[in-house]
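Below: the structure, in structure tokens.
Here is how names work: the chains are called A, B, and so on, in the same order as the sequence lines, proteins then strands, and each is numbered from 1.
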Amino acid sequence: GAGVSQSPSNKVTEKGKDVELRCDPISGHTALYWYRQRLGQGLEFLIYFQGNSAPDKSGLPSDRFSAERTGESVSTLTIQRTQQEDSAVYLCASSLRGLANTEAFFGQGTRLTVV
Amino acid sequence: LAKTTQPISMDSYEGQEVNITCSHNNIATNDYITWYQQFPSQGPRFIIQGYKTKVTNEVASLFIPADRKSSTLSLPRVSLSDTAVYYCLVGSGAGSYQLTFGKGTKLSVIP
């Protein structure tokens, strides 16, 4: 596709339910990032995928959070037993090689509201 | 990754030049300096990147002094549509490299 696509754009869920967020990166981009952004705050790193290497999960806040990526394609971020503090915009980004001197492209995000 | 410090907020009138300075005192030899822009309800967007001296593109200029311990993003003749949060990032490498975003600078352009 022309850019990074995220779905759904908005998600309202009840506390305790599981949610799955999807990210379609730009074709050919080996690096994929997930971030969380709470209202009025900066971007909080969650997880990083680079090709077929083991993902960097150091930013995942709890074991309720997990993410998968098949090869260099779609990624899904799963939040189990959602809590109200999980309410945020979840942003996905991809870049060609995951290098510091390469541009990262962000999707529009998924706004998650836990009620 | 080198830590960055930038002002929390800035105000400017339309048509003025805006300079946002970022401090990165412990920048490493291989680190690049990258700036992103984020509008409300959107993901960040790459603006400009540099390693040393000056870089200019159609959107902005980036000034980096010889010691590279700081950098200045310059936006010429800002308009209301430049109201956004601007993030300064410093890093290098690959593999587990992360795009590490600080709190950014919230620029408000006033009519």
Side-chain angles (χ1 to χ4, degrees), chain A residues 3-7 9-10 21 23-26 29-60 88-113, chain B residues 1-9 22 24 27-52 55 57-60 62 64 68 71 84-106 108:
Chain A
V4 177
S5 177
Q6 292 188 244
S7 61
S9 55
N10 284 283
L21 313 180
C23 172
D24 281 274
I26 293 173
H29 281 193
T30 61
L32 187 147
Y33 310 76
W34 281 99
Y35 293 86
R36 177 171 70 180
Q37 187 170 35
R38 293 194 168 108
L39 186 63
Q41 303 298 310
L43 280 75
E44 177 186 5
F45 167 78
L46 296 177
I47 189 168
Y48 166 82
F49 295 91
Q50 170 58 283
N52 294 317
S53 301
D56 178 353
K57 305 179 181 181
S58 60
L60 295 177
V89 175
Y90 289 82
L91 290 160
C92 174
S94 72
S95 72
L96 189 57
R97 295 184 300 272
L99 297 173
N101 61 345
T102 58
E103 178 179 350
F105 296 83
F106 282 80
Q108 293 289 79
T110 294
R111 182 176 299 278
L112 175 66
T113 303
Chain B
L1 295 174
K3 182 178 178 179
T4 60
T5 303
Q6 48 184 127
I8 294 174
S9 64
C22 179
H24 27 81
I27 189 169
T29 303
N30 296 330
D31 284 346
Y32 287 84
I33 301 159
T34 311
W35 286 80
Y36 283 80
Q37 173 191 55
Q38 186 178 26
F39 296 116
S41 302
Q42 293 187 24
R45 181 179 73 123
F46 173 93
I47 302 177
I48 196 167
Q49 183 179 75
Y51 182 78
K52 62 180 180 180
V55 179
N57 62 22
E58 66 277 6
V59 177
L62 179 60
I64 305 170
R68 305 202 322 126
S71 58
V85 178
Y86 293 82
Y87 296 95
C88 166
L89 282 70
V90 174
S92 63
S96 58
Y97 167 74
Q98 304 165 18
L99 292 176
T100 302
F101 288 79
K103 296 186 183 301
T105 298
K106 184 175 182 179
S108 299

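Between chain B and the residues A:Gln37, A:Gln6, A:Arg111, the largest count of heavy-atom pairs under 4.5 Å involves A:Gln37. Counting heavy-atom pairs closer than 4.5 Å to chain B, the top residue among A:Gly109, A:Ser53, A:Ala104, A:Gly107 is A:Ala104.
Both the backbone and the side chain of B:Phe101 come within contact range of chain A, judged by heavy atoms closer than 4.5 Å. Heavy-atom distances place the side chain of B:Tyr36, and not its backbone, under 4.5 Å from chain A. Residue B:Gln42 touches chain A through both its backbone and its side chain, counting heavy-atom pairs closer than 4.5 Å. Interface remark: A:Leu43 contributes backbone and side-chain atoms alike to the contact with chain B (heavy atom separation under 4.5 Å).
How far CD of B:Gln38 is from CD1 of B:Ile47: 11.0 Å, rounded to the nearest 0.5 Å.
With respect to A:Phe106, the ring pair (Phe, Tyr, Trp, His ring centres under 6.0 Å) criterion is satisfied by exactly one of A:Tyr33, A:Tyr35, A:Tyr90, A:Trp34: A:Tyr35.
Put simply, the side chain of B:Lys103 reaches to within 4.5 Å of the side chain of A:Gln41, judged on heavy atoms. Side-chain contact between B:Thr100 and A:Phe45 is absent, with no heavy-atom pair separated by less than 4.5 Å.
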Inset, instruction - Carefully, step by step, assess A:Ser95 and A:Glu103 under the rule side-chain hydrogen bond (donor to acceptor under 3.5 Å, both in side chains). - result: CA-CA 6 Å; A:Ser95 72; A:Glu103 178 179 350; over 6 Å; no

